[in-house]
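What follows is one structure encoded as structure tokens, with my remarks underneath.
For the numbers below, each heavy atom of this structure counts, side chains included, while hydrogens, waters and symmetry mates do not. Residue numbering restarts at 1 for every chain, and letters A, B, ... go by the order of the sequence lines.
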Number of protein chains: 2
Amino acid sequence: MTKPRSRRGGGRPTIADVARKAGVGAITVSRALREPDRVSQDLRRQIQAAVEELGYVPDPNARALASARADVFGVLVPSLTNNVFAEVVRGIYDSLSDGPFRVQLGNTHYSGLEEERLLQVFAPQRPAALIVAGIDQTPTSRKLLESAGCPVVQVMETGPDPVDMLVGFSHFDGGRTATEHLIKSGYRRIGFIGARMDPRSQRRLAGYRAAMEKAGLFDPRLITTTPLLSSVTLGRELLRDALAKMPALDGVFCNNDDIALGVLFECHSAALDVPKTIGIVGFNDLEMMQAAFPPLTSIRTPRYEIGRRSVAMALAAIAGRRPEQRVIDLGFELKPRESTAR
Amino acid sequence: MTKPRSRRGGGRPTIADVARKAGVGAITVSRALREPDRVSQDLRRQIQAAVEELGYVPDPNARALASARADVFGVLVPSLTNNVFAEVVRGIYDSLSDGPFRVQLGNTHYSGLEEERLLQVFAPQRPAALIVAGIDQTPTSRKLLESAGCPVVQVMETGPDPVDMLVGFSHFDGGRTATEHLIKSGYRRIGFIGARMDPRSQRRLAGYRAAMEKAGLFDPRLITTTPLLSSVTLGRELLRDALAKMPALDGVFCNNDDIALGVLFECHSAALDVPKTIGIVGFNDLEMMQAAFPPLTSIRTPRYEIGRRSVAMALAAIAGRRPEQRVIDLGFELKPRESTAR
DNA sequence: CAATGTCATGGTAGCGCTACCATTTTTATC
DNA sequence: GATAAAAATGGTAGCGCTACCATGACATTG
């Protein structure tokens, strides 16, 4: 005859309370909540009423412990403030908000080691799925992902050898398309300006280089990069650097839209006409690009859609309907605007 | 003699495995991990060795179930993509990343009902603390917060009657300071332009109005707002609307920096000189403001710091050292720049 | 109509951990 | 050196839930 410990939420109702009130076994309540089809309509109604009357909410911890799996999506992104990833994350949240799944978000700060550390924390919790940004995991991270025992979706890029599933687009092609657009528009001494040269930016740069070499326009002095975190201010500084090295510069492909905006402002400040003297192309096509003066050409990337699709794929895999296409290339779209309308 | 079920992570080591290997009781392992001071150095070392050898990681679900509290910070923000909240969230993550606490992030989409729904999900999980944006919770939400049984920190604003603790600044004062700055700079027909008029924007507007009335400059036709989500494009449109209503406008205080940027671009587009013909003030002082051409005056708000402080306060309360100051006003800073240098 | 299958429901036994109490060992006190 | 107090350690009993198996009521088959 031990007195009840009455921990836990000052007497929040448990499944047993619901079962008692509904006059059924606890397991039937559990089933009614998780697999309603397996419970007769009568009992289902009774149980539903009891749940509502008591305000019963299942304890996710007890559930996870008993079933050896947590209804959690682990999500790893390199930055929470970079709008690009914020939109991916928003897509993920929006896709998951009405279901039973929670999101566990981790910020890797663009660091492979930090990613490893976070995976080491996430993986043992038996998440329902893992969504990670990029395809350049460290060997340790890759092993953790492979042995996580849940669907894994790598997002943002395409690549040859996914851990499991993949949703993204080709940054190389994006960089090439942007550069080809500048070339076609009549620009010749086209610079590449980039900050925070993460693997995706490197691939954009490679695409730029491929296009420039093909056109016989490549010159290493056209490239200006920095490992510093991207910012509008940095865009201004980098254009100044680029012009100092190469005063005849007549176009720039920017690593991303923040840099492009900085480049635009620097052009205004230096009274360089855009698009006549200098053409500008950004990357991602954030909302501000179309509103800039002049409107800035950019490569629109499907960030939100990547978030949604990654969840859709993971949910399908969880439901046992693993999509036959494990790699989805959502592509990108060149948005030509006045900043390159020579 | 039942055979072990061997669910759970394909035989991940449990606390019992560690205890066996270290030759101690399970509870001692538990203590060594949570309150090392209560275990002798000898055992602590043995246990540490066993933990490392086995690669033991405690199961947070079992822990939460047994101890009736989860090491989780629930965080509710109205938007994941709005840079302002992204920075608050980043501050929270950065403050929590090395401790034992996880973050559970919820997106309320600026909806009180959605906030209620999320609190109903979060509160029963017995989070270690709750951090919510704003002070305008619905009565239901407020009750949920009050009865959550954990420290609660409302962030982003100051206000008279916190649920528990509060970190923020006065949006009213911010709006007034911005407007007074315009008045002092010699502007007279100063408009207010605002999108997504959430409660914080409303208070900025009230501050604007107070300053204008005090100076005898107020005119309701100077105010142009919309409930639409804020964007740079919208900033351009709203300025056009404002000028249509009030062609003599010579200054604008914008609800936020995105709108201000749009206003700036619209001025460029319409060949309105900034700051001579029109002065512009934004709100939040995102990084781009100083890099704009001309650099844009704004009110710098301590977003990241709000995130850090909210966690610090919550951690103190968890540790039983509830700060004597339950309301912290971190203030803001006017950053006067060329866009108002008449 | 017996044999077999299917459905709806329930009982039991944990999941991995910690609260609570009991026990043993060490230290402090007179 | 006896006694009290404190520190160190362990055993037991759950936390709230679900996996697994068992049961009984029907339906299906030849």
[X]: which residues meet the salt bridge (Lys or Arg N to Asp or Glu O under 4.0 Å) condition with it, sequence neighbours left out?
X	answer
Arg20(A)	Asp17(A)
Asp37(A)	none
Arg326(A)	Asp164(A)
Arg44(A)	none

Could you tell me how far apart [X] ([atom1]) and [N] ([atom2]) are, to the nearest whole angstrom?
X	N	atom1	atom2	result
Ile15(A)	dG14(C)	CD1	P	19 Å
Asn61(A)	dC17(C)	CG	P	13 Å
Arg44(B)	dA7(D)	CZ	P	15 Å
Arg12(B)	dC17(C)	CZ	C1'	12 Å
Asp59(A)	dG14(D)	CG	P	18 Å
Arg126(B)	dG16(D)	CZ	P	11 Å

Check whether any side-chain N or O of [X] sits under 4.0 Å from OP1 or OP2 of [N], and answer yes or no.
X	N	value
Ser67(B)	dC17(C)	no
Arg63(B)	dG16(C)	no
Arg34(B)	dA19(C)	yes

[X]: partners by side chain to side chain contact (heavy atoms under 4.5 Å, CB included), with sequence neighbours left out:
X	result
Ala49(A)	none
Ala50(B)	Val18(B), Lys21(B), Ala22(B)
Gln325(A)	none

field: Validation row: Pro151(B), Met313(B) side chains within 4.5 angstrom (heavy atoms)
entry: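 Pro151(B) vs Met313(B): side chains apart.
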- request: Would you jot down, in residue-number order, the residues of residues 47-57 of chain A having a non-hydrogen atom under 4.0 Å from DNA chain D?
  value: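 Correct list: Tyr56(A).
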Table please: side-chain donor-acceptor pairs of residues 105-113 of chain A below 3.5 Å, with sequence neighbours left out.
| residue | atom | partner | partner atom | Å |
| --- | --- | --- | --- | --- |
| Asn107(A) | OD1 | His109(A) | N | 3.0 |
| Asn107(A) | ND2 | His109(A) | NE2 | 3.3 |
| Thr108(A) | OG1 | Val77(A) | O | 3.4 |
| Thr108(A) | OG1 | Tyr110(A) | N | 3.4 |
| His109(A) | ND1 | Asn107(A) | O | 3.4 |
| His109(A) | NE2 | Asp94(B) | OD1 | 3.1 |
| Tyr110(A) | OH | Asn82(A) | ND2 | 3.2 |
| Tyr110(A) | OH | Arg196(A) | NE | 3.2 |
| Tyr110(A) | OH | Arg196(A) | NH1 | 3.4 |
| Ser111(A) | OG | Leu113(A) | N | 3.3 |
| Ser111(A) | OG | Glu114(A) | N | 2.9 |

query: Would Arg142(B) and Asp161(B) pass as an ion pair if we require N to O under 4.0 Å?
result: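 Yes, charged N to carboxylate O under 4.0 Å.
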Angle between terminal axes - the helix from dC1(C)-dG30(D) to dC30(C)-dG1(D), 5 pairs each end, rounded to 10°: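 Its terminal axes enclose an angle near 20°.
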field: side chain to side chain donor-acceptor pair (under 3.5 Å) contacts in which one or both residues fall within residues 147-158 of chain B, not counting sequence neighbours
entry: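 Only Gln137(B)-Gln154(B), Glu157(B)-Arg200(B), Glu157(B)-Arg203(B) qualify under side chain to side chain donor-acceptor pair (under 3.5 Å).
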Using atom names, set out every protein N or O paired with an N or O of nucleotides 5-9 of chain C below 3.5 Å, distance rounded to 0.1 Å.
| residue | atom | partner | partner atom | Å |
| --- | --- | --- | --- | --- |
| dT9(C) | OP1 | Ser40(A) | OG | 2.8 |
| dT9(C) | OP2 | Ser40(A) | N | 2.7 |
| dT9(C) | OP2 | Ser40(A) | OG | 3.2 |

